[in-house]
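Just below is one structure, and these are the notes that go with it.
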Amino acid sequence: MHLSGYPHRASRTLTGLVGLVATGILLTGCTTAESPEATEPITGGTLTYASGDAEPTCLDPHVGGNYPQALVGSQYLESLVSRDADGAIIPWLADSWTESADGLAWDFTLAADVNFTDGTPLDAAAVQANIAHLQDPETGSSTGYLALAKVTGTEAVSANVVRLRLSEPDSALLESLSQPWLAIESPTALARSQDENCASPVGTGPFQVEKWVQQDSITLVRNENYNSPPEDAAHTGPAYLDSIVWRFIPDSASRYAALQSGDADVIDNAQPDTIVQAEASDTIVHLDAPRPGASNRIELNSGRAPFDDPLVREAFIRSANVDDAVTSLFQGTAERSYSALSSAEPLAVSAPDLFGYDPEAASDLLDSAGWTERDSGGYRVKDGERLTVEFPVSTNQSIPAEQSLFEQIQATAKETGFEVVLSPMDLSSWYTALGESNYDAVSAPYTKVGPDVLRILFHSDGITPAPSGYFANHAQVDDPAIDALLTQAGRVTDADTRAALYTDAQNTVLEGFYILPLFDQQNHYLLGSDVVGARALPTVSTPTFYDAWLK
Amino acid sequence: MSDLEIQAGLGRSPRANRQHRPPRRFGVAEALAGLFTIFLVTAALFPALVAPGDPLGIDPLSAFQSPSPAHWFGTDESGRDIYTRVSHGTGSSLLIGTVATLIGLGLGLVLGTLAGMLGPIVDFTVNRFLEVLFAFPGLLLALLFILIFGPGVATATVAVGLATAPGYARIIRGQLLSVRSSAFVEAATVLGRSPGQILVRHILPNTLAPLFVLGTLGIGQAIVWASALSYLGLGAAPPAAEWGAMLSAGRTYIGSAWWMSFFPGLFIVLTAVSATALGRGIERRLRHA
C-alpha cells in the first residue's frame, strides 16, 4: 500500500500540474488574443523609426525650421503650449498665461521644477534666451522667426513668469508657440557654438540626443528625470522605451520593406500603394495624421513672366487635369483640395468651381492673353518666346506619387500649349533655385498651426527672405488688399470677425489664381503592430513616442 | 603547301588571307540575339512601326494595369503604356550606347596609337596617365564628370564614353605592339614595303578588326552604364521614355506593380546579352578567318 501510494500520488500531482499548465496556456492565450490593450506597458526596448524625409543638417529646429527637424525634434524638445485633439490650446511647459487688455503683453507662468537634460532649470530667463535665439539673424531661423514677427521684446516678471511684448495684437501667438520650431531649449546649450548645438540640442523632452552619425542615424535615449508631459499624455514620469534609433531611408520601397521585415518599427512618408497594402494587413497599423497649415498646392510665381499675367495663370490652372491624377495616384488615400488651407483648418475655404479641368477655356484664355501662335512642338509662342514654365521639384519633399502628379499636369498642360520643364533636384539645389527666384511654378509644403499661415504665404512681407534666406510667399503675391485683410485678421481676437477676414483673404487669393490646390496635406505613418501607444501630436502632427512601448 | 605558298602566306596578314574561311552556321544564341537586335534597330529608327502609341500620353484612369492584350507590358502610375515607352526608349538607349562607345573607342584609339607607335617616352607618359584613370572605377569617373558638367542625357553619354576610354586605349596599345612585332609585319618590312604601306595595309586592319568586336561588346556595357546613371537621376529626366529612368520610377511600386520595372530591366538585360552574343560571334569568326 505504502509502496503503491507513491505512484498514485505522483500521477495525481502530475495530472494537477498538467491541468494547471493547460489552464495557464488557455488563460494566456485568451489575454493576448482578446485584449492586447489590457496588458501593462512594458518598460524597455529600442524603437527604430525610419524617416523618408531629408536628414536635417541641424537637429535644432530653431535653425531654418523645416518638417524633418520637427519630426525628430518632437522627441527631445517641448514647447510652451500644446493643442488637444479638438484643437484647443493646452498647457505644456507653461502652466497658464494671461493676455493684457490691449493685447500687447502676454505673461506665461512656467511649470515648476522642470529641468533641461543638462541640469539647467527652466525659468523665465531660459524662455527669454530662446526668443532671443530665434530672433537673432545669426541663428538663421525662418519658421520660428516668421512666427515671432510681432514679438518686440521679453522680460522676466519673476523667476517663473515671462512676459512677451508685442508690436500689435497677435491672434495667432499661442498657435505659433505650440509648434516644435519654437520649442524651448537649454540656455546653457544655446550659449555653445551653433555647430555644437546643431549636433546635440538640449531640451526638456522625454528623450535626449545621445549621438548622431550623419548619413545614418540619430540615437535618442530616455530622459530618466522627465516630468513635463503635456496635459493630454496618457501617463506621467519617464517614457517606457529605453531608446529610439532614428534612421533615414529615402527610398520608399526600401522603407516599407524595412517595416515588413521588422528592421523598422515605424515609418513615415508612406506611399499610397503601401498604405493600401498596410490597411489590408493585420501586422501593420496605419496612422493618418493630416498636417495643419497649407494644402498641397502648386504656387505660380506672379513676380515674373509668364505668370505675371492673371489670364495665363488661370489658363494654366484650367489646363491641368488634377482630379483624375489624384484619383489614380493616391488610390483613395488623399482627397482633391480646392483650398489654400489644409482640411485640418476649420477656416479653410474650398472653391471647386475655380479649379476644374477645362482645356477649351484654357485655350481661349491663352488666346486673349496674346499667346496665339504654336511652334512645331505644339507649344504656344508670343513674340518669338515659347510659353515655358520652369518647375523645380524637390525630390526630398515630394513623394514619388506627387512627382508623378506633376508629370501628369505637365502632360495635360502640354495639350493647351504650356511647356512645363520639371527639374528634379535635391533639397539644397531646390532652396537655391527658389532663392534666386529661378522658377515659375513650385510646390512647397508649409506647415503651421492655424490660419495665420495665410499671412506667411500670401502677405507681401513674405517676399522678403527671412535671415535663413528662405521666403515663403513663393507665389510672390503683392496685393495691398490681401495684405490689409491678413494684417487685420492677425490683430482681432473676436472669433467671428477673424473668420470673416480670413475667408475674404482666401477668396481673394483663390480668385487671383495664384495657386493650384492639389490635395490635402498628407502625413501617413505606418507602425508595426508591436508598437503600442504611439500617436501624433495635435500641433503639427509630428509623432510622439512618450507613451509608446513595444509588445 | 609549297615553299612558295608558305612564303606568300608569310607576306600576307591573316586579315588579307581570305580563301580558308571555314563555313560556320549561326548558333541558336546568335540567331536569337540577331532577331532581337533587328527588333531594337527597327524600334530605334521607326518607333511608330513597332508601337504606334504616344510614349508620354497619359491616361490616369487606366493606371497600374497589369500586362494584358490591351497593354502587353501593363501601364505605369500615369496610365502610360509600358510597351510603347520601352519601344520608344530603344532609340535613345541605343544612341547613348553607340555614341558613348564611339567616344570611348575614338579616345582609346588616339591614346593607344600614341602609346603604341610613338616610342618609349610617349608610351611611358600615356601609360602612367591611363594608370591614374584606371585607379578610379569606370562609374566613378562618369559620376565625377557629371558632377562637374551637370546631369543630362548629353553629359551622361560623354561621361560613359570617357569612363570606358582607358580600357580601350590599353587594349589598342597592346594590339598595336603585338601586330607590329608579328611575323607578317617583319616579312613585309623584309620584302621592302614602306612604313606607311605597312601601317595602312597590315597594322591598322589587324588592330581595328578586334576593335569592332570590342565596340559591339562595349555598346551593351555602355547601355547598362547609361541606364545606371539615369536610374540614379543623373541622365534622362522623367517622364522621358528611357529604360534606366523607367526602372527607377518603377522601383517605388515594385511591391504592387512589378511590370513597371521588370520590362525596362528585361530590355536592358536582353540588349546587353544580345550585344555580347553578337560580339563573341564576330570575334570567333575573325579568329577562325
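Just so we're clear, the structure is a prediction, and the values are computed from it rather than from any experiment. Convention: sequence-line order gives letters A, B, ...; per-chain numbering from 1.
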Check your understanding: Given a strict heavy-atom distance threshold of 4.5 Å, which part of A/A257 is in contact with chain B: side chain, backbone, both, or neither?
Key -> neither
Review point. What parts of residues 408-415 of chain A touch chain B if we use heavy atoms and a cut-off under 4.5 Å?
Key: A/Q408, A/Q410, A/A411, A/T412
Review point. Between B/F267 and B/Y83, does the ring centre distance come in under 6.0 Å?
Key: no
Check your understanding: Can you pull out the residues in residues 418-435 of chain A with any heavy atom less than 4.5 Å from chain B?
Key -> A/P424
**Study point:** salt bridge (charged side-chain N to carboxylate O under 4.0 Å, His left out): pairs with one or both residues in residues 251-263 of chain A, sequence neighbours excluded
**Key:** A/D251-B/R251
Check your understanding: Any donor and acceptor pair, going by atom type alone, linking the side chain of A/T333 with main-chain N or O of A/F330 inside 3.5 Å?
Key -> yes
Point to revise | Any pair counted as side chain to side chain donor-acceptor pair (under 3.5 Å), so long as it reaches residues 259-274 of chain B, sequence neighbours left out | key: none
Check your understanding: Does A/R247 CZ have over 12 foreign heavy atoms under 6.0 Å away?
Key -> no
Exercise for review: Tell me, yes or no, whether the heavy-atom count around B/F134 atom CZ, taken from other residues, nucleotides or ligands under 6.0 Å, exceeds 12.
Suggested key: yes
Check your understanding: Under a 4.5 Å heavy-atom cut-off, does chain B meet the side chain of A/S404, its backbone, both or neither?
Key -> both
Practice item. Give a yes or no answer on whether the side chain of A/D520 reaches the backbone of A/S343 with a donor-acceptor pair at less than 3.5 Å. Key: yes
Practice item. Apply side chain to side chain donor-acceptor pair (under 3.5 Å) to A/D268 and A/Y49, showing your working. Key: CA-CA 8 Å; A/D268 59 26; A/Y49 182 97; 2.7 Å; yes
Check your understanding: Contact part of A/Q331 toward chain B, heavy-atom cut-off under 4.5 Å: side chain, backbone, both or neither?
Key -> side chain
Practice item. Please confirm whether the backbone N or O of A/R297 pairs with a side-chain atom of A/S295, one donor and one acceptor, at under 3.5 Å? Key: no
Review point. How about A/I284 and A/Q260: do any of their side-chain heavy atoms sit closer than 4.5 Å?
Key: yes
Practice item. Please check if atom CD in A/E279 has more than 12 non-hydrogen atoms from other residues, nucleotides or ligands closer than 6.0 Å. Key: yes
